[in-house]
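To start, the structure under review is shown below, and the notes come after it.
Heads up: numbering here begins at 1 and tracks the sequence. Each ligand, and each atom within it, is numbered from 1 in the order the structure gives.
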Amino acid sequence: MCGIVGIAGREPVVDRLIGALARLEYRGYDSAGIATLDHGEIQRRRASGKLVNLAEKLTLDPLEGVTGIGHTRWATHGAPTELNAHPHATPRVAVVHNGIIENYRSLLVELAADGYLPVTQTDSEVVAMMATRWLDLGLSPVAAVQATVSRLEGAFALLFLFHGEEGLIVAARQGSPLAIGHGDGEMFLGSDALALSLFTDRVTYLDDGDWAVVTPQKASIRTRDGMVASRILHHSNASSSIVEKGPYRHFMAKEIHEQPDAVSRVVGQFIDRATDTLVVRSPLAFDFATLGRMTVSACGTAYLAGAVGRYWFERYARLPVDIDVGSEFRYRQPPLQPEGLALFISQSGETADTLAALRYCAANGQHIASVVNVAESTIARESGSVFPLLCGPEIGVASTKAFTAQLTTLACLAIVAGRARGALDNAALAELVGALVSLPGALAKALTVEEDIAKIARGLSKASDVLFLGRGSLYPIALEGALKLKEISYIHAEGYAAGELKHGPIALVDETVPVVVIAPSDELIEKTISNMQEVCARGGKIILITDAQGAATHGAMAQQTILMPQVHPFVAPIIAAVAVQLLAYHAAVHLGADVDQPRNLAKSVTVE
Ligand code: AGP
């Protein structure tokens with residue numbers, strides 16, 4: 001999704017803006033641009049495609065200035081061309097925008113009547129045009145921003161730069177995230193703390209409705225109503241070093257390999273390693289024992305973590321769970337029991353649909369809990385209880401370590417709930433705790449078969465369609481396997497509950513469609529194997545993801561087998577997640593795809 005940066009500085013800003021935009025590349029984008037005040041004049045350079053294209057332009061046609069704004073654009077309105085790239089500018093003002101201006105059409109009609117006409121196909125240009133009109137009518141830059149923002153509907157994080165106003169950037173936030181970085185005699189703005197991490201670790205997050213006047217010396221923040229606002233100064237840990245690839249070719253590979261550590265940190269939050277017993281380190285603000293039902297909402301991979309969680313909460317805690325994707329939940333207007341618990345899962349903590357579902361639940365009297373990675377994100381800040389993933393920045397657009405950390409958090413919470421609700425006796429609890437304790441080691445073992453998976457993935461990369469099958473808590477992993485493969489290799493893939501195969505999708509099966517069957521040895525394996533036989537009978541080619549026991553009894557039926565470590569069925573989905581991640585990763589690498597920044601995708605989806 002779009003990323004924005006700004007520097008009100010005292011030294012040249014161009015290289016630093018490019019550096020900060022590079023930190024935002026992970027969000028996904030298709031064009032980029034910067035604008036500076038060059039001796040008071042607004043100057044800009046923009047380019048379609050990757051940041052390197054913009055950097056090349058700047059080498060041929062350099063810019064000067066100590067005040068500037070920059071943008072990576074993820075196209076919503078209008079193709080990803082240089083013309084549509086931000087900053088949008090008139091001779092008086094330049095603007096970068098993340099979000100969607102929903103009423104831009106009616107505003108354009110209004111502006112056209114006054115002789116202001118757009119030159120791009122974007123919704124964002126209207127912001128620069130409106131601000132220009134107010135400036136032409138004699139308003140000061142700050143008043144022009146206020147007047148402009150008061151007319152905007154939709155979601156936005158905006159930065160404004162003004163002709164002749166050296167050192168001034170005006171910012172506004174409604175819906176899309178925006179942070180201010182505090183330097184020494186310089187101030188910075190960015191979509192997230194990562195963008196600011198090159199310059200400072202002192203960060204203030206704007207709230208919805210806030211706007212700020214930023215100069216090299218200070219940032220004055222005001223609320224929508226013009227009241228002076230004081231926002232907390234955070235010390236961000238998004239340091240420079242942790243966003244390097246290290247020895248890995250891609251961030252995704254690095255993040256896949258970070259999973260044993262990431263999961264170990266989550267387990268350590270819930271399990272006392274000295275005694276291998278469940279601990280809740282700080283008291284919960286809600287009571288699992290008396291809950292009638294839990295509502296879960298999330299998007300994409302985070303939703304699939306919740307879908308696995310549902311199996312765990314229902315089975316081990318006997319707690320009914322309603323789960324839906326954020327984009328559907330927000331408009332269903334589901335009735336919610338008073339004083340219920342609503343749980344939201346998100347890596348970024350900024351996903352617009354998840355946030356909207358959260359706000360609906362908050363307005364309907366639910367206790368809001370969230371499982372998030374970015375600790376200072378909007379979802380975290382609007383939650384009554386936060387379960388942090390602590391897995392560090394996830395840069396690859398395809399979520400990997402956040403997914404397994406989300407799963408592990410949900411597994412731990414499910415047994416916390418099971419104990420609180422009297423659904424687990426001591427022996428059962430000890431067995432599940434044991435499974436979680438051995439999880440990091442098992443994940444490390446799963447990673448040792450990477451070369452075998454890479455070989456299988458090379459074959460898979462020749463297919464145009466792939467099916468993934470799983471049962472029970474492995475069914476959402478089948479969906480995740482299909483999602484991962486689609487996202488980064490662009491191979492069409494679908495996931496199904498294994499039992500659903502014969503209700504339709506089996507029509508697709510022939511020798512050209514590989515079928516990935518996820519079937520570790522558990523109480524359902526025989527059922528899944530029957531579905532596998534149905535595939536074999538129709539000439540389908542099976543890639544079986546199982547463990548040694550499953551391979552010994554059923555491996556002969558598969559063309560290829562991916563051998564995962566033998567674990568307790570409780571944690572088998574977390575292990576199988578690694579297998580499907582590696583399969584997708586190596587298929588994509590083999591196809592030469594842009595693994596970390598797949599086409600059309602954004603890391604942080606801050607629009608509907
Ligand atoms: C994961 O691989 C995806 N790119 C995507 O589905 C993602 O999980 C989804 O957009 C939700 O993001 P969030 O976890 O930041 O809320």
For [X], atoms of ligand 1 separated by under 4.0 Å from a heavy atom:
X: Ser399; value: 1 (C), 2 (O)
X: Ser348; value: 13 (P), 15 (O), 16 (O)
X: Ala398; value: 2 (O)
X: Glu487; value: 1 (C), 2 (O), 3 (C), 4 (N)
X: Lys484; value: 1 (C), 2 (O)
X: Ala302; value: 8 (O), 14 (O)

Query raised in the report: Could you give the distance from CG (Asn98) to OG (Ser191), rounded to the nearest 0.5 Å?
Result: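 The distance works out to 5.0 Å.
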Would [X] and [Y] pass as an ion pair if we require N to O under 4.0 Å?
X: Asp208; Y: Arg359; result: yes
X: Glu258; Y: Lys254; result: yes
X: Glu394; Y: Lys603; result: yes
X: Asp192; Y: Arg27; result: yes
X: Asp596; Y: Arg249; result: no

Specify the protein heavy atom at minimum distance from [atom]: its residue, its atom name, and the distance to 0.1 Å.
atom: atom 14 (O) of ligand 1; result: Gln347 N, 2.6 Å
atom: atom 16 (O) of ligand 1; result: Thr351 OG1, 2.4 Å
atom: atom 10 (O) of ligand 1; result: Val605 CG2, 4.0 Å
atom: atom 7 (C) of ligand 1; result: Thr301 N, 4.0 Å

Worksheet item: Hey, mind stepping through Phe570 and Tyr316 against ring pair (Phe, Tyr, Trp, His ring centres under 6.0 Å) and telling me if it holds?
Response: CA-CA 10 Å; Phe570 175 42; Tyr316 299 114; 4.9 Å; yes
_Geometry only, no angles: is Val397 polar-contacting ligand 1 at N/O separations under 3.5 Å?_
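Yes, Val397 has an N/O under 3.5 Å of an N/O on ligand 1.
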Fill in: Gln406, Glu487, Lys484 screened by side chain to side chain donor-acceptor pair (under 3.5 Å) with Thr301, the one that passes
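The passing option is Lys484.
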Judged by heavy atoms only, the candidate from Ala305, Ala298, Cys299 nearest atom 9 (C) of ligand 1 is Cys299
